[in-house]
Protein chains: 2
Amino acid sequence: MANEQLQEAVNALKNTKVRMTPQRHAILEYLYDSMSHPTADDIYKALESKFPNMSVATVYNNLRVFKNVGIVRELTYGDSSSRFDCVTTDHYHVICSDCGKIVDFHYPGLDEVETLAEHVTGFKVHDHRMEIYGSCQECKNMSH
Amino acid sequence: MANEQLQEAVNALKNTKVRMTPQRHAILEYLYDSMSHPTADDIYKALESKFPNMSVATVYNNLRVFKNVGIVRELTYGDSSSRFDCVTTDHYHVICSDCGKIVDFHYPGLDEVETLAEHVTGFKVHDHRMEIYGSCQECKNMSH
DNA sequence: GAATTGTTTATAAGAATTATAATGTAAGAA
DNA sequence: TTCTTACATTATAATTCTTATAAACAATTC
């Protein structure tokens, strides 16, 4: 299923001016396979063996390209570097404040929040973002 | 009322080992008076005339102190620098994707989201964060 | 096949934040 | 009060993440 989603993403790119390159494919593949929330540097390190000559800038550039096309989302949490997540179904993130672990969390979309915000503020609302913070099971046990 | 909240924050600090200094008071005062969401640099610039010798590091250090005590919250959006917000009542932020304006938005707390997340993930949930993105009225009109 | 457009690489530059060391200031004990 | 200790501030240097630049490369179009 990760493969199907990857294919969808590749197809989405075909409809734009964006060319498919080995590096791009590898970055997408890593994102869809790992299903984690890596930083640009995580991706860079993970692909080092496969692409010894790849530049960090390539990772950043392509993540931005993917973001603009809409197949990747950038997550900025408290920690220094951004994390990237492939846009699949609507889900939220539960984040461990102690170790930084990120777990996906499905929840019916908060549409009513968006509509209420439109009425109250006069904005044209496009999107929202929510994160939940806490201590994961491992870190909970650590603090005994 | 901003003054009352400021007093509360000052009192909260008295109960810790944290000392009150002129710089700290000025930073808090600015946060509570302006009711905006300034960056560290905004604060630094705003207090320049009052404290010509203050270092940027002081602003950063103290914002972190306030954050740890729990009277200030750090907001990390896509843009490069963090923004800081005094923790008052529970409210969310509506952010203009075009001009960056931030508007407060009151909404009954999403407690059920937190409890559901606890059950599903096994986390001990402390907190959550939500932001709503859209175009403010000015930017809506601009794009005609 | 030549020209154009887009891509990668390597490196340098930029910006935000943190660490360090020296100096300053307030609180507590003698 | 004076000495000592602990905390704060300042100035500067160092780090880290990210972006810009220019040259080399590859693919697409005419």
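Every chain is numbered from 1, with letters handed out A, B, ... down the list of sequences.
Rounded to whole Å, atom P of D/dA8 lies 12 Å from atom CG of B/Asn68. Between the CZ atom of A/Arg64 and the C1' atom of D/dC17 there is a distance of 13 Å, rounded to whole Å. The distance between atom OH of A/Tyr60 and atom C1' of D/dT21, rounded to the nearest whole Å, is 18 Å. If you measure from atom CE of B/Met20 to atom P of D/dA6, you get 22 Å, rounded to the nearest angstrom. Whole-Å rounding puts the B/Lys17 NZ to C/dG28 P distance at 12 Å. Regarding A/Phe84, its CZ atom lies at a distance of 11 Å from the C1' atom of D/dC17, rounded to whole Å. Between the NE2 atom of B/His25 and the P atom of D/dA8 there is a distance of 16 Å, given to the nearest Å. One can place OH of A/Tyr44 at 16 Å from P of D/dT19, the figure rounded to the nearest angstrom.
Within residues 47-56 of chain A, the residues that place at least one heavy atom under 4.0 Å from DNA chain C are, in residue-number order, A/Asn53, A/Met54, A/Ser55.
Residue A/His128 is tested with A/Phe123, A/Tyr92, A/Tyr107 for a ring-ring contact (aromatic ring centres under 6.0 Å, His included); the sole match is A/Tyr92.
Taking the six-membered ring where tryptophan is involved, the planes of B/His93 and B/His37 are perpendicular, since the angle between them exceeds 60° and thus also 30°.
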Inset, instruction - Mind running side-chain hydrogen bond (donor to acceptor under 3.5 Å, both in side chains) on B/Asn61 and B/Thr58 for me, showing each step along the way? - result: CA-CA 5 Å; B/Asn61 285 338; B/Thr58 301; 5.6 Å; no
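Of all the heavy atoms in B/Glu74 and B/Ser82, the pair that sits closest is OE2-OG, 2.6 Å. B/Leu31 and B/Cys86 make their closest contact through O-SG, 3.7 Å (heavy atoms, listed as atom of the first residue, atom of the second, distance). For the residue pair B/His126 and A/Gly134, the shortest heavy atom distance occurs at CD2-CA, 3.4 Å.
Donor-acceptor pairing under 3.5 Å, judged by distance alone, is present between the side chain of A/Arg19 and the base of C/dT5.
At a threshold of 4.0 angstrom between heavy atoms, the contacts of A/Asn62 are confined to the sugar-phosphate backbone, with no base atom among them. Backbone-only contact: B/Thr21 has heavy atoms under 4.0 Å from sugar-phosphate atoms and none from a base.
Residues A/Thr39 and A/Asn61 both approach DNA chain D. Their nearest nucleotides, taken by heavy-atom distance, put A/Thr39 toward the 5′ side.
Checking the phosphate oxygens (OP1, OP2) of D/dC17, no side-chain nitrogen or oxygen of A/Ser82 falls inside 4.0 Å.
No more than 12 heavy atoms of other residues, nucleotides or ligands lie within 6.0 Å of NZ in B/Lys124, so this atom counts as exposed by the packing criterion.
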